[in-house]
Number of protein chains: 4
Amino acid sequence: MSGNTFGKLFQITTWGESHGKGVGVVVDGCPSGIEMNESIIQKMLDRRRPGSSVTSTSRKESDTAKIFSGVFENQTTGTPIMIMVKNRDAKSSAYKSISDIYRPGHGDLTYQAKYGIRDWRGGGRSSARETVGRVAAGAVANAVLKKENIEIFVHTTSLGSISSETFDRQAMSENMFLCADMTAAKLMEEEVAMVRLEGDSLGGVVEIIAKNVPPGLGEPVFDKLDADFAKALMSIGAVKGVEVGAGFRAASLRGSQNNDPIVPDGFLSNNAGGILAGISNGDEIVVRVAVKPIPSIHIEQKTVDTSNKATRISIKGRHDISAIPRINVVCEAMVSLVLVDHLMRQRAIK
Amino acid sequence: MSGNTFGKLFQITTWGESHGKGVGVVVDGCPSGIEMNESIIQKMLDRRRPGSSVTSTSRKESDTAKIFSGVFENQTTGTPIMIMVKNRDAKSSAYKSISDIYRPGHGDLTYQAKYGIRDWRGGGRSSARETVGRVAAGAVANAVLKKENIEIFVHTTSLGSISSETFDRQAMSENMFLCADMTAAKLMEEEVAMVRLEGDSLGGVVEIIAKNVPPGLGEPVFDKLDADFAKALMSIGAVKGVEVGAGFRAASLRGSQNNDPIVPDGFLSNNAGGILAGISNGDEIVVRVAVKPIPSIHIEQKTVDTSNKATRISIKGRHDISAIPRINVVCEAMVSLVLVDHLMRQRAIK
Amino acid sequence: MSGNTFGKLFQITTWGESHGKGVGVVVDGCPSGIEMNESIIQKMLDRRRPGSSVTSTSRKESDTAKIFSGVFENQTTGTPIMIMVKNRDAKSSAYKSISDIYRPGHGDLTYQAKYGIRDWRGGGRSSARETVGRVAAGAVANAVLKKENIEIFVHTTSLGSISSETFDRQAMSENMFLCADMTAAKLMEEEVAMVRLEGDSLGGVVEIIAKNVPPGLGEPVFDKLDADFAKALMSIGAVKGVEVGAGFRAASLRGSQNNDPIVPDGFLSNNAGGILAGISNGDEIVVRVAVKPIPSIHIEQKTVDTSNKATRISIKGRHDISAIPRINVVCEAMVSLVLVDHLMRQRAIK
Amino acid sequence: MSGNTFGKLFQITTWGESHGKGVGVVVDGCPSGIEMNESIIQKMLDRRRPGSSVTSTSRKESDTAKIFSGVFENQTTGTPIMIMVKNRDAKSSAYKSISDIYRPGHGDLTYQAKYGIRDWRGGGRSSARETVGRVAAGAVANAVLKKENIEIFVHTTSLGSISSETFDRQAMSENMFLCADMTAAKLMEEEVAMVRLEGDSLGGVVEIIAKNVPPGLGEPVFDKLDADFAKALMSIGAVKGVEVGAGFRAASLRGSQNNDPIVPDGFLSNNAGGILAGISNGDEIVVRVAVKPIPSIHIEQKTVDTSNKATRISIKGRHDISAIPRINVVCEAMVSLVLVDHLMRQRAIK
């Protein structure tokens with residue numbers, strides 16, 4: 001109820017602050033008999049690790065996942081799976097100097113308004129470090145989806161002013177931006193270098209695709225599959241927009257253009273993004289999110305301190321230039337969690 | 001769990017099919033002592049009534065709301081409020097001929113895949129008529145918000161190829177599109193007339209604004225205020241995208257452009273759309289949704305029948321040209337429901 | 001969240017007050033393809049109808065159930081099933097005289113404390129009339145359970161000072177107390193006659209038995225099958241105690257007496273009441289509830305009025321002598337609802 | 001949804017197995033600004049520690065609680081509080097020999113039926129060790145209740161064949177059974193000694209009392225305060241019955257005896273146990289639970305192995321003679337959790 005739990009049947013609860021003892025997740029509702037161990041979790045976690053990409057902070061966290069419960073002899077038992085990653089390289093002192101200043105674009109001011117107290121060390125609970133728990137849970141979700149042959153992948157379709165023009169799935173794994181267009185990826189690299197020099201940051205767009213999703217997933221009315229994707233993805237700190245299939249482009253299409261004609265083999269187009277009336281139609285699921293630029297920048301900004309006096313701030317800590325591509329695996333995790341949940345909901349009514 | 005319930009503390013459950021005996025809602029969790037009667041509900045319902053706009057169907061429903069419980073001597077009692085609107089002008093026979101054909105862009109195919117049975121009369125549960133319950137509940141939510149001085153309004157920012165260029169709140173109520181730009185509204189009228197002749201349909205974009213929302217609403221992590229807006233709005237049938245504040249535009253901004261500078265009086269810009277780290281910051285809440293064109297069109301389309309044989313369909317029934325502007329009040333209702341829910345959640349932790 | 005919803009996968013929301021326009025229920029989550037019609041509902045509702053038993057009020061309600069949604073061509077569609085019973089014979093005037101007095105043993109005082117307002121007509125929402133919705137939903141639940149061959153029945157094991165000594169299932173249907181011991185039933189009749197003359201009322205004990213429940217139902221830890229039965233049954237107004245299997249008697253047994261020995265064919269005893277560690281073990285489910293005497297009595301009682309001045313009250317309206325046997329079908333309904341919910345939860349993890 | 005979460009606004013999720021790496025809990029929804037530290041948790045945990053009582057196992061667990069998140073500078077921040085106790089003295093080898101035998105009265109058989117796999121080490125998830133998380137969470141709940149002056153205590157009213165006859169609150173803390181009657185306590189000591197020699201075990205009854213609970217807590221209909229107590233307490237492994245106020249005794253009372261007369265100062269009796277129509281009435285809350293005898297006994301019992309072959313078992317491990325008095329603090333924790341949750345629900349609607 002306080003917003004740290006996601007999912008109904010496959011339910012996760014994340015906990016932990018950026019500079020507390022650790023961050024983690026309890027996965028409740030995972031079916032029993034799924035092969036599971038720490039290296040499966042670790043493999044997915046490594047994809048969001050800082051220090052692994054040109055856009056990311058130099059904070060060094062080994063981010064070693066440890067499973068505390070719910071797994072016995074390498075199999076899930078049906079009981080809650082608690083996974084923890086200890087915090088190690090947390091330099092709280094770097095934040096002490098800004099403990100009484102609200103950073104623009106961050107939750108400092110709103111956490112204070114809500115709770116009357118906040119853990120200012122590294123953003124506390126509002127830090128992107130919270131997503132460690134999401135990704136660890138996503139690895140468990142993926143293991144369940146794999147048994148159904150469902151496959152999810154995420155690629156960067158734009159970073160700053162650069163957009164991908166082509167789609168080459170192979171290319172995705174050959175550049176650090178997870179961009180499926182190598183030419184665009186090279187331009188992205190240049191833009192990142194420039195922005196780093198300027199002490200500024202970049203946003204972008206990420207597309208998530210799920211293949212082999214069976215028709216029939218999603219609950220009508222409020223828990224539509226797309227509604228749950230929207231919530232899942234918008235709940236990621238940096239995300240400011242979510243669209244499905246043709247998305248915002250659909251707003252300017254005619255019905256005759258936007259409708260996907262149906263033929264015995266399937267659909268002739270996929271403006272629906274694989275979802276009709278909130279229920280999967282058997283086509284590819286396609287969802288895109290808008291990622292805002294990282295708010296922590298070296299460039300000086302106007303702000304106020306905790307006593308509402310005007311001041312200026314230039315953020316010196318270790319920060320990413322862009323949430324992309326570290327955010328990509330978080331998006332994948334959230335889509336996986338939604339799909340597993342709806343897969344189980346569908347089983348319940350059969 | 002089956003997706004017909006929305007909200008956690010202020011919780012609504014809608015029920016009813018397009019051509020069943022009626023449609024309605026149970027509102028559970030409304031605080032006691034709120035002034036309430038049928039005319040308050042009716043006033044808001046009248047704004048979504050078919051037959052009231054140039055873009056809408058000629059189906060004539062008086063849509064008379066009746067309160068069955070939870071109100072005593074014109075006050076809410078704290079117990080569930082059941083509101084029903086009976087269906088009257090339902091011409092099921094018009095649908096009989098297409099009972100064994102899947103309409104492109106509709107949920108016919110996916111409902112069949114999910115349930116193995118579907119009520120084909122007027123789209124059954126997947127009909128936009130379900131939103132009667134949402135709007136009735138929204139009227140109750142609005143009554144609670146009004147006590148907090150929170151005000152919500154919705155305007156059309158684009159319809160088909162026409163976008164509003166200016167914002168004149170007065171204009172909003174002087175054209176049938178709820179567009180805050182009279183010049184754009186006139187062009188929209190022309191486009192609608194043309195599309196009607198062509199037997200086609202139009203999409204558009206709608207913006208919802210909430211004023212006087214106190215800072216501190218929204219739960220961190222998964223139940224962020226924007227995440228709940230995203231789910232609430234994406235759960236409306238025709239919506240294919242949701243964005244907050246700068247939204248998708250934020251993806252191409254630099255951090256120094258996107259961050260809203262803070263001064264003692266508030267913020268110097270509102271790219272955040274009034275939400276930071278998922279919690280309201282005291283500024284105006286700004287959310288936009290992409291509305292797809294109505295899938296029911298006269299133009300002939302390729303499709304299959306229920307035995308998966310190729311066929312063609314031209315939909316002759318009474319249908320809107322665009323979900324806009326009838327959808328606007330539904331968007332308002334959903335935003336109200338999210339705000340009331342988070343208002344109550346915030347009270348709970350104080 | 002406001003307590004009018006029960007169940008997680010098979011979820012019901014009841015609404016309505018004793019003297020409002022009607023009482024009803026929304027059943028959400030019922031699997032599709034279940035045979036359903038109004039006479040199935042009616043048959044179960046008739047078992048709780050007032051005026052049908054020697055212990056009951058003379059209030060005459062035909063209690064005619066009407067299905068408003070979720071059923072198409074005599075089958076459930078998977079969408080919400082709204083069932084309503086209109087209130088007809090409501091004599092509110094009889095209550096007017098006590099609108100400013102708190103009746104002992106009733107919720108008058110506590111509703112006022114909670115909400116600052118209450119619908120005093122016939123107890124408003126706290127009236128046993130609310131159980132109409134539960135029983136209607138129970139009829140739907142039973143239809144699902146019947147497909148699994150699960151069978152539930154309820155018998156009265158004591159009324160006032162009389163207890164059944166033998167168990168003859170046939171006898172159950174041959175006396176108005178649903179007592180499985182005809183000798184006891186005759187004594188109950190005498191006790192009821194005497195108590196009626198005295199203007200007093202009676203409590204008793206009811207036992208619910210479920211046969212053919214497969215092993216494996218129930219979730220460990222908090223949502224144990226017995227925990228959910230306890231909540232379901234204690235939520236019935238008149239119930240003050242719930243026990244499973246040996247129940248309170250188990251407290252005075254030794255482990256060697258209380259443990260049910262296991263043999264290849266099953267268990268040699270059933271002190272567990274069919275539940276081990278919160279999960280069904282395949283044996284008969286046995287649950288008992290303590291039903292308090294009806295608080296509305298003709299005998300004069302001390303109380304206070306709404307301004308906390310001492311007064312006396314003698315309740316003249318039409319009231320039952322005992323909640324038994326009308327409560328029996330309500331107990332059955334609640335047990336059915338819990339079983340269906342856990343059946344679906346078990347399907348979800350398979 | 002898989003039953004490891006309890007509460008709606010003050011929500012806890014426990015995790016961990018008897019012989020896994022540890023056991024713990026995530027407390028979500030605790031208001032901010034509550035004084036909190038590890039010694040507050042530890043003090044309550046010490047009351048359930050094995051090895052502290054004549055009835056308990058010789059397993060030595062220091063049960064040291066560690067707070068991993070949600071507390072900053074000795075105050076709760078409003079974010080999830082993760083508390084863990086590592087398992088140390090876990091002798092799994094003692095269980096290896098019975099890994100393929102179902103222990104009577106335990107969940108071995110039902111876990112296997114439900115999940116097709118079970119962690120047989122020390123009962124795995126079904127072990128009473130799971131209650132460590134409940135008690136740790138209860139300590140947090142108590143800290144919130146203390147600010148409202150609400151006080152809870154638990155005493156043993158019977159153990160085996162011995163019942164307390166008098167109530168002397170002082171006595172409660174002067175004997176190891178938490179019995180408020182010193183004479184009874186001495187007899188309990190003798191019975192325990194005898195039963196230990198026989199290799200058998202004992203059940204009993206425990207009463208929980210909450211003082212200063214304000215009127216108005218509890219939601220009508222399904223989430224009645226007593227219904228939530230019933231679920232909370234029945235969810236404790238050894239509990240087979242729950243009753244409120246007069247409880248099962250109410251079944252044999254007349255209405256004129258059972259109704260609590262109301263006077264301007266309050267109630268003249270408390271058969272209601274402080275709850276009317278599911279809502280607290282301002283009087284003392286009184287709830288009792290029946291605790292079954294510990295199923296692990298030295299006396300040989302009939303059972304089957306995992307291939308359903310008849311066998312016999314005599315359980316040699318370290319086991320308590322009775323769940324009492326270690327269970328008492330677990331009961332207290334559960335009652336605290338229910339009260340905090342309803343306190344917050346009441347705040348939400350004000």
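Sequence lines set the chain letters: A, B, ... in the order given, protein chains first and strands last, and positions in each chain run from 1.
Residue Ile236(A) holds its CD1 atom at 11.5 Å from CG of Asp226(B), rounded to the nearest 0.5 Å. Note that the NZ atom of Lys114(A) and the CG atom of Leu217(B) stand 6.5 Å from one another [nearest 0.5 Å]. Once rounded to the nearest 0.5 Å, the distance linking CG of Asn258(B) with CD1 of Ile297(A) reads 9.5 Å. A distance of 9.5 Å separates NZ in Lys8(A) from OG in Ser2(B), rounded to the nearest 0.5 Å. Residue Tyr115(A) holds its OH atom at 7.5 Å from CD of Gln346(B), rounded to the nearest 0.5 Å. Taken from CG in Leu276(B) to OG in Ser126(A), the straight-line distance is 10.0 Å, to the nearest 0.5 Å.
At a 4.5 Å heavy-atom cutoff, the contact between Phe267(B) and chain A is made by side-chain atoms alone. Contact of Thr5(B) with chain A is made through the backbone alone, with heavy-atom distances under 4.5 Å. Val289(B) touches chain A through its backbone: at least one of N, CA, C or O sits under 4.5 Å from a heavy atom, while the side chain does not. Heavy-atom distances place both the backbone and the side chain of Val244(B) under 4.5 Å from chain A. Residue Ile294(B) touches chain A through its backbone alone, counting heavy-atom pairs closer than 4.5 Å. With a threshold of 4.5 angstrom between heavy atoms, Leu225(B) does not approach chain A through any atom at all. With a 4.5 angstrom heavy-atom cutoff, Leu268(B) touches chain A only via side-chain atoms. Contacts between Ser280(B) and chain A at a heavy-atom distance below 4.5 Å involve the backbone alone (N, CA, C, O). Using a 4.5 Å cut-off between heavy atoms, Asn271(B) contacts chain A through its backbone alone, with no side-chain atom that close.
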Stepwise side chain to side chain contact (heavy atoms under 4.5 Å, CB included) test for Leu253(A) and Lys292(B): CA-CA 8 Å; Leu253(A) 296 177; Lys292(B) 75 172 186 179; over 6 Å; no
Go through the steps for Phe222(A) and Met234(B) under the test side chain to side chain contact (heavy atoms under 4.5 Å, CB included), then give the verdict. CA-CA 9 Å; Phe222(A) 298 112; Met234(B) 195 72 100; over 6 Å; no
Test side chain to side chain contact (heavy atoms under 4.5 Å, CB included) on Asp228(A) and Lys231(B) and set out the steps. CA-CA 6 Å; Asp228(A) 277 357; Lys231(B) 170 159 179 158; 2.6 Å; yes
Walk me through it: do Arg254(B) and Glu198(A) pass the test side chain to side chain contact (heavy atoms under 4.5 Å, CB included)? CA-CA 10 Å; Arg254(B) 300 276 167 94; Glu198(A) 294 170 358; 2.7 Å; yes
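For Gln257(A), the side-chain hydrogen bond (donor to acceptor under 3.5 Å, both in side chains) criterion is met by no residue, not counting sequence neighbours. For Thr306(B), there are no side-chain hydrogen bond (donor to acceptor under 3.5 Å, both in side chains) partners, not counting sequence neighbours.
Between chain A and the residues Ala227(B), Ala277(B), Ser252(B), Gly241(B), the largest count of heavy-atom pairs under 4.5 Å involves Ala227(B). Chosen from Ala113(B), Pro215(B), Gly204(B), the residue pairing most often with chain A at heavy-atom distances under 4.5 Å is Gly204(B). Contacts with chain B were tallied for Ile299(A), Thr14(A), Asp260(A); Thr14(A) has the most, counting heavy-atom pairs under 4.5 Å. For the options Gly278(B), Ala230(B), Gly107(B), heavy-atom pairs under 4.5 Å to chain A are most numerous at Ala230(B). The candidate with the highest count of non-hydrogen atom pairs below 4.5 Å against chain B, out of Ile262(A), Val242(A), Asp223(A), Leu202(A), is Ile262(A). Interface check for chain B: of the options Ala232(A), Ala272(A), Ser296(A), the most heavy-atom pairs under 4.5 Å are formed by Ala272(A). For the options Arg249(B), His106(B), Met334(B), Arg134(B), heavy-atom pairs under 4.5 Å to chain A are most numerous at Arg134(B). Top candidate by heavy-atom pairs under 4.5 Å with chain B, chosen from Tyr102(A), Tyr111(A), Phe229(A), is Tyr111(A). Between chain A and the residues Ala290(B), Gly216(B), Ala251(B), the most heavy-atom pairs under 4.5 angstrom are made by Ala251(B). When each of Ala310(A), Gly105(A), Pro220(A), Gly160(A) is scored by its heavy-atom pairs under 4.5 Å with chain B, the top score falls to Pro220(A). The most heavy-atom pairs under 4.5 Å with chain B, out of Gly218(A), Ala246(A), Ser158(A), come from Gly218(A). Looking only at heavy-atom pairs under 4.5 Å with chain A, the residue among Leu159(B), Val304(B), Asp200(B) that has the most is Asp200(B).
With contacts defined as side-chain heavy-atom distances shorter than 4.5 Å, the pair Val221(A)/Arg125(B) qualifies.
Taking each heavy atom of Val205(B) and Phe248(A) in turn, the nearest pair found is CG2-CD2, 4.4 Å.
Listed for the Asn281(B) side chain is no donor-acceptor partner under 3.5 Å among the backbone atoms of Thr110(A). Side-chain atoms of Lys302(A) never come within 3.5 Å of backbone atoms of Pro261(B) as a donor-acceptor pair (strictly under, hydrogens ignored).
The local environment of NZ in Lys350(B) is crowded, with over 12 non-hydrogen atoms from other residues, nucleotides or ligands closer than 6.0 Å.
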